[in-house]
There are 2 protein chains.
Amino acid sequence: MHKTLRNHFEEVIDLTDQEFAFALTKFEIKDFGKGDFIFQRDDIVEHAYFISSGLLKLSYFDDNAKEHIVSFAMENWWESDFNAFFTQSETTYYLKCLEATSVYYISLEGYRELSEELPKMKTFWLQKSNTGFVGSQRRILSLLTTSPKERYEQFLKEYPSLTQRVSKTQIAAYLGVSRETLSRLYS
Amino acid sequence: MHKTLRNHFEEVIDLTDQEFAFALTKFEIKDFGKGDFIFQRDDIVEHAYFISSGLLKLSYFDDNAKEHIVSFAMENWWESDFNAFFTQSETTYYLKCLEATSVYYISLEGYRELSEELPKMKTFWLQKSNTGFVGSQRRILSLLTTSPKERYEQFLKEYPSLTQRVSKTQIAAYLGVSRETLSRLYS
DNA sequence: CTGTTTTTGTGACCTAGATCACTAGTGTTG
DNA sequence: CAACACTAGTGATCTAGGTCACAAAAACAG
């Protein structure tokens with residue numbers, strides 16, 4: 001039971017059965033259907049989510065109601081609006097299920113308690129946070145330096161599996177190009 | 001002595017004199033002149049840098065030799081190519097001093113030892129990493145959703161002090177706009 | 001303080017990508 | 001399986017921002 005989460009932790013730190021069982025007490029589980037929102041603009045973001053199966057998008061709608069996708073998140077990824085989560089405040093994003101999705105979620109309090117009571121977890125969170133930070137910097141650079149075409153090719157290379165699961169419209173909103181331009185890239 | 005660094009730590013965690021003295025043993029100090037490179041493309045990035053005074057830019061040159069600025073870093077900021085640092089590998093960036101700059105720097109080994117031997121430091125690093133991650137996400141969103149003009153205004157609001165210290169050319173390279181377009185924004 | 005380099009503003013042009021509009025396919029769901 | 005709503009391709013514009021080129025003004029170094 002709970003293999004996905006345990007394996008995920010154990011990619012970074014070793015845990016005894018007791019330790020993992022303890023960690024688990026800080027999490028709850030929930031299933032969402034395709035199209036469900038985990039949170040929406042103006043919600044207080046109380047949790048961070050570990051996706052054990054399924055696919056989410058974290059997106060933002062600008063003043064012209066145009067959608068921009070901040071990130072996709074699939075199995076073994078963490079997702080939330082981490083800014084709103086850490087400050088327990090309202091988000092400006094939407095977190096929506098692109099497929100039926102199962103998550104483990106934890107509150108900020110749980111996150112803090114877990115970090116204090118099982119200090120190894122700090123190592124784990126630190127690792128994840130660093131990876132996330134480095135990944136965002138890569139994306140910034142990619143937005144600054146590359147053309148839509150190059151970005152699309154990078155995307156295909158980096159997330160080949162997503163290509164099957166996500167519509168081109170969504171990919172365009174992630175890459176920062178219009179749907180039409182994306183369509184014309186490979187013709 | 002070493003007030004900047006100590007205050008910086010103590011914004012997040014409390015340290016005894018002994019603890020701070022211990023932490024300090026993991027750092028070295030160095031001064032750079034204006035125009036000096038702290039590291040350049042193809043260097044192995046062995047250290048992370050805390051800036052006690054001065055101003056740096058972390059930048060990347062694309063295939064057309066056009067410069068893109070990933071970040072500016074000033075007093076009380078940490079800077080490095082964290083990807084290359086954590087993996088102790090060659091960077092594709094340049095880290096250059098825009099002003100004479102003094103830094104405290106630490107090796108990856110030092111970072112790990114410090115985290116293990118003074119576990120509070122993990123809390124500190126985790127805080128910094130989270131903040132960095134959240135900041136990068138904001139920048140991504142800003143690149144995806146806003147016009148050069150809006151980005152420039154955001155920049156002025158967010159870093160008013162930098163406006164005095166950095167040329168417009170550099171700001172343009174940070175915002176992802178051409179120098180000329182930036183110049184025309186406010187005319 | 002003087003020559004050299006860097007920065008800034010501006011004009012003239014050009015092009016990548018946005019937008020709008022329509023058609024045909026492909027799901028999804030009741 | 002029928003109806004409706006998304007998704008994808010493609011043509012016809014339009015335009016923000018890039019590029020090139022020059023000149024004035026600062027900043028800097030010897």
Side-chain angles (χ1 to χ4, degrees), chain A residues 32-37 54-57 59-69 72 94 96-101 142-156 162-187, chain B residues 32-37 54-55 57 59-69 72 94 96-101 141-156 162-187:
Chain A
F32 293 91
K34 179 171 181 171
D36 290 354
F37 288 96
L55 180 61
L56 308 178
K57 70 172 171 190
S59 67
Y60 174 84
F61 288 83
D62 68 20
D63 303 340
N64 305 310
K66 198 167 136 184
E67 182 176 26
H68 301 271
I69 296 180
F72 294 110
Y94 293 80
K96 187 174 188 179
C97 302
L98 296 177
E99 301 174 358
T101 296
S142 158
L143 287 168
L144 284 176
T145 63
T146 69
S147 68
K149 180 160 198 172
E150 294 172 288
R151 259 177 276 154
Y152 183 56
E153 282 158 4
Q154 262 182 226
F155 182 87
L156 294 183
L162 275 187
T163 315
Q164 271 75 34
R165 298 165 76 181
V166 164
S167 75
K168 306 245 160 106
T169 311
Q170 311 279 322
I171 297 179
Y174 175 84
L175 296 176
V177 212
S178 75
R179 215 208 85 226
E180 294 92 328
T181 302
L182 183 66
S183 168
R184 278 186 257 261
L185 288 181
Y186 44 91
S187 59
Chain B
F32 293 92
K34 178 171 182 171
D36 290 355
F37 287 96
L55 179 61
K57 71 172 171 190
S59 67
Y60 174 84
F61 288 82
D62 69 19
D63 302 341
N64 305 310
K66 197 167 137 182
E67 182 177 27
H68 303 270
I69 296 180
F72 295 109
Y94 293 79
K96 187 175 186 178
C97 301
L98 296 178
E99 302 174 357
T101 297
L141 197 64
S142 157
L143 287 168
L144 284 176
T145 63
T146 69
S147 68
K149 180 160 199 171
E150 295 172 287
R151 258 175 277 154
Y152 183 56
E153 282 158 4
Q154 262 180 227
F155 181 87
L156 294 184
L162 275 186
T163 314
Q164 272 74 35
R165 297 164 74 182
V166 164
S167 75
K168 305 246 160 104
T169 312
Q170 311 279 323
I171 296 179
Y174 175 85
L175 296 177
V177 212
S178 76
R179 214 207 85 224
E180 294 91 330
T181 302
L182 183 66
S183 167
R184 277 186 257 261
L185 287 181
Y186 43 90
S187 58

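In this model, the phosphate group of dC6(D) is not approached by any side-chain N or O of Ser167(A) to a distance below 4.0 Å at OP1 or OP2.
Side-chain contact annotation: Ser183(B) with Glu180(B), donor-acceptor N/O pair under 3.5 Å absent.
Between Ile171(B) atom CD1 and dT6(C) atom C1' there is a gap of 15 Å when expressed in whole angstrom units. Atom NZ of Lys168(B) is separated from atom P of dT8(C) by 6 Å (rounded to the nearest Å).
Counting heavy atoms from C-beta outward, Leu55(A) and Val166(A) have side chains that approach closer than 4.5 Å.
At the heavy-atom level, Ser183(A) lies under 4.0 Å from base atoms of the strands shown.
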Per-nt protein contacts along nucleotides 13-30 of chain C (heavy atom under 4.0 Å; B base, S backbone sugar-phosphate only, - none) come out as ----SBBB-------S--
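Taking CD of Glu67(A) as the reference point, atom CG of Leu144(B) lies at 11.5 Å (rounded to 0.5 Å). Expressed to the nearest 0.5 Å, how far NE2 of His68(B) lies from OG of Ser142(A) amounts to 11.0 Å.
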For residues 168-178 of chain B, dump all side-chain donor-acceptor pairs below 3.5 Å to protein atoms at least two apart in sequence or in another chain.
| unit_1 | atom_1 | unit_2 | atom_2 | d |
| --- | --- | --- | --- | --- |
| Lys168(B) | NZ | Tyr186(B) | OH | 3.3 |
| Gln170(B) | OE1 | Lys57(B) | NZ | 3.1 |
| Ser178(B) | OG | Thr181(B) | N | 3.1 |
| Ser178(B) | OG | Thr181(B) | OG1 | 2.9 |

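Ring geometry, Phe61(B) versus Tyr94(B): the interplanar angle exceeds 60°, so the pair is classed perpendicular (tilted spans 30 to 60°).
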